[in-house]
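Counting convention: from 1, in listed order, for ligands and their atoms alike.
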Amino acid sequence: MITFERVSKRYEEGHDALKEVSFQIERDDLVFLTGHSGAGKSTLMRLIMLMDRATRGKVLIDGRDLATVPSRGVPAHRRDIGVVFQNHQLLFDRPVFDNVALPLVIRGYDYREVGRRVRASLDKVGLLSKERAMPLTLSGGEQQRVGIARAVVCKPKILLADEPTGNLDPDLSAEIMQLFEEFNRVGVTILIASHDLALISRLRHRILTLKDGRLVTGGAL
Ligand code: ADP
Ligand code: ADP
């Protein structure tokens, strides 16, 4: 589903953020991505989302070489990928419902379909009763679950999460990871960047470790 073949990424200043990175993530896998700050985790995710392009090597998503996707094809590419951020990036002046509905509204779904899908998504993250709540009245864990509901509302094949538990205490972090495992069980391919080694080691999924842009564990094609 996600294949990196000797991928390097060099930013303009000449610094290699990724060096010859190779790995393969199968459909239905849940994989963690770890490494120190600056190791290249965000860069790797940005390449998958086509927020940036590899300098060398190949990135294939669902068999498609991303080098063949022209700029105008980027929005369609991103449609199949849900993204969860550490800081939620919620609209704080809009209720939960509107936040989760946003990707559907952008895609032009009619309002009945929006309502149906938003409620299905909120139900999956256990927040059906909060659809009218404003984000600031929710706990940190609940806000993160709103972010996850928004990421899955378009039923993406791939879910990327960048430090999704970065601001949460250990119990809430474990709950959020369980939620990702549930989405994984219904067929979503998931890549989660996290530096919380204690938490991710316990969960027994494959771990890719980056060190200064090189993949040091979990890679072998
Ligand atoms: P991580 O997510 O593991 O903290 P990043 O992928 O954000 O790592 O960063 C990897 C390296 O690339 C760091 O040295 C960072 O400063 C650098 N970097 C990231 N984005 C850019 C950019 N847009 N321009 C230049 N350097 C960047
Ligand atoms: P994150 O790692 O969560 O994306 P950052 O604060 O590292 O957050 O990066 C925010 C933005 O700045 C990103 O678009 C990233 O690519 C860019 N960036 C990160 N490091 C550098 C850098 N050294 N030089 C220029 N841009 C950078």
Side-chain angles (χ1 to χ4, degrees), residues 1-25 29-61 65-67 69-71 73-75 77-78 80-90 140 143-144 147-148 150-151 156 158-170 172-173 176-177 180 184 188-203 205-221:
M1 191 63 153
I2 303 175
T3 304
F4 274 54
E5 289 176 5
R6 304 184 68 172
V7 171
S8 298
K9 172 65 189 176
R10 169 167 293 187
Y11 287 110
E12 273 159 30
E13 302 82 87
H15 176 88
D16 278 341
L18 293 176
K19 300 166 190 161
E20 303 264 321
V21 170
S22 296
F23 65 88
Q24 191 157 357
I25 296 178
D29 271 357
L30 188 164
V31 175
F32 289 113
L33 176 64
T34 192
H36 59 89
S37 177
K41 303 182 295 294
S42 302
T43 298
L44 189 154
M45 295 212 165
R46 292 165 59 81
L47 296 184
I48 296 171
M49 285 187 276
L50 274 180
M51 288 169 72
D52 237 323
R53 290 186 185 260
T55 311
R56 285 192 307 281
K58 259 189 199 178
V59 180
L60 297 116
I61 303 296
D65 182 350
L66 292 192
V69 178
S71 308
V74 170
H77 168 70
R78 286 197 198 139
D80 286 336
I81 303 175
V83 184
V84 178
F85 301 96
Q86 170 175 354
N87 54 6
H88 333 301
Q89 304 201 348
L90 300 180
Q143 289 180 20
Q144 189 53 290
I148 294 170
R150 185 184 53 192
I158 296 174
L159 191 56
L160 303 179
D162 198 353
E163 300 287 354
T165 64
N167 295 322
L168 302 178
D169 67 37
L172 285 174
S173 297
I176 293 293
M177 290 303 185
F180 284 118
N184 179 237
V188 186
T189 307
I190 304 183
L191 180 62
I192 303 173
S194 170
H195 56 242
D196 189 347
L197 267 181
L199 173 64
I200 68 178
S201 307
R202 253 187 284 129
L203 295 170
H205 297 287
R206 178 150 66 110
I207 300 176
L208 300 173
T209 309
L210 283 169
K211 190 174 180 212
D212 297 329
R214 288 193 189 280
L215 197 57
V216 292
T217 69
L221 273 175

Query - ligand 1 versus H15: contacting region, heavy-atom distance under 4.0 Å - result: side chain

Report task. Compute the shortest N/O to N/O distance between A17 and ligand 1 and return yes if it is under 3.5 Å, no if not. Result -> no

Query raised in the report: Does E20 use its side chain to pair, donor to acceptor, with the backbone of E5 at less than 3.5 Å?
Result: no

Query - Between CZ on residue R206 and CZ on residue F23, distance to nearest 0.5 Å - result: 8.0 Å

**Report entry** Reference residue V7; test side chain to side chain contact (heavy atoms under 4.5 Å, CB included); the match among L44, V59, T43
**Finding:** V59

Query - Partner residues of K41 under the salt bridge (Lys or Arg N to Asp or Glu O under 4.0 Å) criterion, sequence neighbours left out - result: none

Query raised in the report: Counting from 1, what ligand 1 atoms have a heavy atom of S42 closer than 4.0 Å?
Result: 1 (P), 2 (O), 6 (O), 7 (O)

Query raised in the report: What pairs with R10 under salt bridge (Lys or Arg N to Asp or Glu O under 4.0 Å), at least two apart in sequence or on another chain?
Result: D16

Query raised in the report: Going by heavy atoms in the side chains, are L47 and L18 under 4.5 Å from each other?
Result: yes

Report summary line: Restricting to heavy atoms, the pick from D162, T43, L210 nearest atom 5 (P) of ligand 1 would be T43

Requested in this report: Please verify whether a non-hydrogen atom of E12 lies at under 4.0 Å from ligand 1.
Outcome: no

Requested in this report: With heavy atoms of S37 as the reference, note each atom of ligand 1 found under 4.0 Å away.
Outcome: 4 (O)

Requested in this report: Below 4.0 angstrom from a heavy atom of H36, which ligand 1 atoms are there? Numbered from 1 as shown, please.
Outcome: 3 (O)

Query raised in the report: Any heavy atom of G35 sitting closer than 4.0 Å to ligand 1?
Result: no

